[in-house]
Each structure stands twice: as structure tokens, then as C-alpha cells.
2 protein chains.
Amino acid sequence: MKNYELVLHRVEADLAAGRLRIGGRLPGERTLAEQLGISRPSVREAVRVLEAMGVVRTATGSGPEAGAVIVAEPVSPLTAVLRLHLATNHLPMSDVVQTRILLESWSAREAAGRAPGLDAAELKVADDLLDRMDADGLSPEEFHLLDAEFHVALSGLAGNVLIAAVMASLRSAIHGYVLAAVPNLPDWEAMAVTLRGEHRAIVAAIRAGEPESAAELVTAHIRGFYQAAQLQTP
Amino acid sequence: MKNYELVLHRVEADLAAGRLRIGGRLPGERTLAEQLGISRPSVREAVRVLEAMGVVRTATGSGPEAGAVIVAEPVSPLTAVLRLHLATNHLPMSDVVQTRILLESWSAREAAGRAPGLDAAELKVADDLLDRMDADGLSPEEFHLLDAEFHVALSGLAGNVLIAAVMASLRSAIHGYVLAAVPNLPDWEAMAVTLRGEHRAIVAAIRAGEPESAAELVTAHIRGFYQAAQLQTP
DNA sequence: GCTATGCTGTGGTCCGACCACACGATCAGG
DNA sequence: CCTGATCGTGTGGTCGGACCACAGCATAGC
């Protein structure tokens, strides 16, 4: 067992046992090193891994925000894993897109199924994003960033934090890919108009509590864009 | 920008540009440190992160297997992220189970849809696993390990490496949870018989090319177990 | 020709030091 | 008494250097 793994196991056990909670802080690196009988560099390697896993956030200085604070940020590690493995070319982008369609259509169906419920505030967030996307003079970059935010917000309506986190990371990883394909579109302005209309229709279907309609609209929405941009669709 | 991030960006760029390939090796830690003008501890922190992300595998000694070898192992990092975030209690197990049902039912539907195709070898793997699960005297531990392998193999039939990887990590993270619930079952032996039969039926539906049937069988199979074990089901 | 022995380069670990930073206590001035 | 600047202290960030264990390979000896 490598020394830095001692720290990882210790932290995971402390988390599971409730000795460490979100918002709490890890002991200082020097303290941790002494407690476990290892050196500070070994502790630091472990803290780096925890940071990459989205479990701690480190900052210098003093005060409540300084040190290694326990957080729960699953999106960034998932994004990093996705990006790195896409870079190795052992993870086809088409699989990522296919996964996106699956998760988003499911989320829309689920959200519509619980429509009478508590989504009012979150639906408002989605509406606001759509309003901002109506602004004139948005660059493709800005538009697609808002688009990504909208889709992530949609997936959050289903109430499954794991699926929402995976969706957010998928969308981050896809973003560059989408932007690179914009020049393939014969008429980006026209496409933007189409996308805006489809967005409104999706939200309307969810609000109306029509699961199957919402799911189909989402699927068609995503597929349509990828086909228009001449990207491979699964 | 922290120094170790220099290494991460460098490696990601090298991967994307094809300068680093699976099976290749990272430059030595000392070399990398000199090239980037940073210290070896900083390089080591980055290598640890890459290792945690499933992109490199380190080993001491010399020869082709030593050093930091580029690999593509997405399952272990996903499992680690899942385990850690489950430990923080900010990721409900019910969401994990719900995700599992979604991915597995989709995989079964997809696999059945492409049944006439090339799955022969992979279907055989699933069959072999089921044969091994028929052995007498299997402990719940052994049985559920084989069960997990079977479900992961099933999700691989759909041909989406991302979904297969996520499923494998979900199953790893769930395993302890499932085992802890076995004592809740009124009659584990009877449950094992039921599960075996359902497994066979699922494979049969896929082989017969019946997507909807396969998906429903999988959903019922998973839901049935969780309900019998008195675990919360979404 | 075969075996044993070192040599070499790899990661693994540690130590000690210094820096930048941010908070909070302390002290000087009003 | 209040307000302000100042310094102390503890945090992570970085560095250089050193030594170890390990595995393969070249070499010397048989």
C-alpha cells in the first residue's frame, strides 16, 4: 500500500463515519503527515487526488475558507475523466452523444411525470435562460454556453443528482466539439431560431405534464442539431 | 496556474495531438520536471492525479512495464468518484439505483435491437457467467459478484463504451450496499433461484431480438430484487 | 554457452527550507 | 473609546536534494 493511499482511505472512512462533513476542513498537511507517520509530500499527493475527485477544495491563507475544505463537487472530476479519455481516442464522441440523448430524454420524461410538483422555481430558471437566449447579437459561443446551461438545468428537473452531474459533465466535454461544428451549419441564425422554438416546446411539454411528448421533443431536438451540423449521430 | 496543472495540460495536449498513445510512456519524472521548469514533487502530484483518472499506470523498476505507462481505464476513476461522493451523503443511493435501472434497461433494449449482429462472442460470455452462477454452494458474496459481472457484461452488449464504463462503476459502488441487504431477504436461496431464471429470460429476449421485452424484464428484475431486499427503489 | 553479479534508470519516500497569502490580534493614533 | 495600520501565525505552494526498493540488462566470470 502506497503511503498516499493511507490518506485516501482515512479520508473516505472519516467521511463515511460522519467525522468529516461538507464544509468541514481536513487537518493541516503537516498534522496529517504526523498523525499517519508519513511525509508531507505523500499527504500532498493524496490531497491533490481528493481535489481532483471534487471532494476537497484547497486555498492558501487563513480563515474559514483557507486550507482543505470538504466539498461535494462531482461535475468537475467527471468532466476531467471524460475529457482525458476522449483525448485518448478510446472513447468515441458518438457514444458520448448517445449517452447524452438517453439521459436527457429520460430526464424530460421524468420531469414531465412529476410536473405538478415542486419544479416551479427550477422551471423558472430554465425560462430565464431561454429569455437570455432570445437576446440579439449572441455569438455562437455565447449561445451554446447558454444552451448547455439550459440542458443541464433541464436534466436537473428530474431530481436525480447523479444523472444531473453526469449530464453537466457530458455537456462540458461536448462543448468544444459542438462549437467546432458550427461552421458546418448552412445558416446558423436560422438554426438558432429553430433551437429556440424547440426549447420552448420542450419546457411547455414538461410543464403540461406530457412525458412521452417531452422525451420525443428532446430527442428530436438533439438529433436534429447534430444532423444539421453534419456530426455523426448514433 | 499551479505548477502541477502544467503537467496535466501538457499530457492532455499530447494525448489529443497523438504524441502520446495508449501503451506509450510518459517521460521520466525528473525529465518532465526539467522540461517544464518545475520540481519533481510538482510533477509527481500531477502523475498521481493522472493515475487516479485512469490515464496512466505507474510501476517501479525498468523495462517496458515500468515507469508511467499510458492506459485507458475509465472504470476505476468513475468508481472512486462515486464511492467518495456516496460517502459524503450528498449522493443518495436511490439515485444511483435509478440510474442503474435506466442504463441497464436501455442497454438491454439496444442490445436486443442489434441482436442479429456480432454479439455472439459476448453473449457467450454472459451465458458462461450464468452457468457459473448455477453452481451449488455459492455464498451470497460470490453469487452477487458474478451477478455484477453479468450485469456489466449485459450493458456492454449495447456497444456504448461510456455507458458500459458507468455501469461497471455503478455496480462496484453498489456491491457493498447489496450485500448488506441480503439478510433482509426472507429466503435468499429462493431469491437466487428467481434471479437465475430472470437472467436466462433476459438473455433469451436479447437473443431473440425483442427490445421492449428485454428492457421490461431487466427493469422488473432489478426492481424486484430491491423490493424483496427492502431497499428503497425510485 | 551459461550463470551470477553488478550497473543503471525507474518510481517511492522523506527532510528541511522558503515563499505567498489571508486572517486576526495587537498596537498606535485620533 | 473608536479606528486604523501593522505584525504574527498558520495555511497551502514550491523547491532541491537525498536515499531507498525494484526490475531489467550488460557484463564478467565460470
Side-chain angles (χ1 to χ4, degrees), chain A residues 1-11 14-15 19-71 73 76-77 80, chain B residues 1-11 14-15 19-71 73 76-77 80:
Chain A
M1 162 106 53
K2 291 168 186 167
N3 278 353
Y4 82 101
E5 293 178 330
L6 290 175
V7 184
L8 295 183
H9 289 143
R10 150 85 179 259
V11 171
D14 283 355
L15 282 173
R19 289 185 294 269
L20 284 177
R21 297 162 183 279
I22 310 276
R25 286 172 43 180
L26 237 53
E29 296 177 352
R30 296 163 179 86
T31 308
L32 218 39
E34 194 181 358
Q35 284 180 4
L36 295 172
I38 61 182
S39 71
R40 196 179 155 208
S42 296
V43 171
R44 284 184 61 75
E45 291 177 11
V47 173
R48 279 283 183 263
V49 171
L50 291 171
E51 195 175 18
M53 294 292 193
V55 171
V56 308
R57 167 176 48 78
T58 63
T60 63
S62 70
E65 293 304 306
V69 181
I70 312 288
V71 297
E73 222 293 88
S76 52
Chain B
M1 162 110 48
K2 291 169 188 167
N3 279 351
Y4 83 101
E5 293 178 330
L6 291 175
V7 183
L8 295 183
H9 289 144
R10 150 86 179 259
V11 170
D14 284 354
L15 282 173
R19 289 186 292 271
L20 283 177
R21 297 160 183 281
I22 310 274
R25 286 173 40 182
L26 238 54
E29 296 178 352
R30 296 162 179 85
T31 308
L32 218 39
E34 194 181 359
Q35 285 180 4
L36 295 172
I38 60 182
S39 70
R40 197 179 155 210
S42 297
V43 172
R44 284 183 61 74
E45 290 178 12
V47 172
R48 279 282 184 264
V49 171
L50 290 172
E51 195 175 19
M53 294 291 193
V55 170
V56 308
R57 167 176 48 78
T58 63
T60 61
S62 70
E65 292 304 306
V69 181
I70 313 287
V71 297
E73 222 293 273
S76 51

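Each chain gets a letter, A, B and so on, in the order its sequence line appears, and its residues count up from 1.
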Starting from C1' on C/dT13, measure out to CD on A/Glu45 and report it in whole angstrom.
-> 9 Å
Whole-Å distance separating the CZ atom of B/Arg25 from the P atom of C/dG9 | 13 Å
If you take all heavy atoms of B/Val7 and B/Ala46, which pair is closest and at what distance?
-> CB-CB, 3.4 Å
Tell me whether the OP1 or OP2 atom of C/dC14 has a side-chain N or O from A/Asn3 closer than 4.0 Å.
-> yes
Interatomic distance where CD belongs to B/Glu34 and P belongs to D/dG17 [whole Å] | 12 Å
Whole-Å distance between C/dG12 C1' and A/Tyr4 OH?
-> 11 Å
Given atom CD of A/Glu65 and atom C1' of D/dG10, what is their separation to the nearest angstrom?
-> 16 Å
Salt bridge (charged side-chain N to carboxylate O under 4.0 Å, His left out) between B/Glu51 and A/Lys2, intermediate numbers included = CA-CA 13 Å; B/Glu51 195 175 19; A/Lys2 291 168 186 167; 3.6 Å; yes
Supply the atom-to-atom distance A/Thr58 OG1 to A/Leu26 CG, rounded to the nearest 0.5 angstrom.
-> 10.5 Å
Hey, could you give me the CG/CG distance between A/Leu36 and A/Leu6, rounded to the nearest 0.5 Å?
-> 6.0 Å
Name the one of A/Leu50, A/Val47, A/Val55 that satisfies side chain to side chain contact (heavy atoms under 4.5 Å, CB included) with A/Leu8?
-> A/Leu50
All N/O contacts under 3.5 Å from nucleotides 18-22 of chain C to the protein, with atom names and distances to one decimal?
unit_1 : atom_1 : unit_2  : atom_2 : d
C/dA22 : N3     : A/Ser62 : OG     : 3.4

Closest nucleotide among C/dC15, D/dT14, D/dC15 to the A/Ser39 side chain | C/dC15
Taking for B/Ala59 and for A/Pro41 the nucleotide of DNA chain C with the nearest heavy atom, the one nearer the 5' end belongs to B/Ala59
Reckon A/Arg44 has a side-chain N or O less than 4.0 Å from the OP1 or OP2 of C/dC14?
-> no
Will you find, in the side chains of B/Glu73 and B/Ser76, an N or O donor that is under 3.5 Å from an N or O acceptor?
-> yes
Could you grab the distance from atom OG of A/Ser39 to atom CD of A/Glu45, nearest 0.5 Å is fine?
-> 8.0 Å
To the nearest angstrom, how far is B/Arg57 atom CZ from C/dG12 atom P?
-> 12 Å
Have a look at A/Arg48 and say if it touches a base, only the backbone sugar-phosphate, or nothing, with a 4.0 Å heavy-atom cut-off.
-> sugar-phosphate
Please report, rounded to the nearest Å, how far the C1' atom of C/dG9 is from the CG atom of B/Leu26.
-> 16 Å
Within the pair A/Thr58 and D/dG13, is there a side-chain N or O less than 4.0 Å away from OP1 or OP2?
-> yes
B/Leu36 CG to D/dC15 C1', in whole Å, measures 15 Å
Nearest to the side chain of B/Ser42 - C/dT13, D/dT14, C/dC15?
-> D/dT14
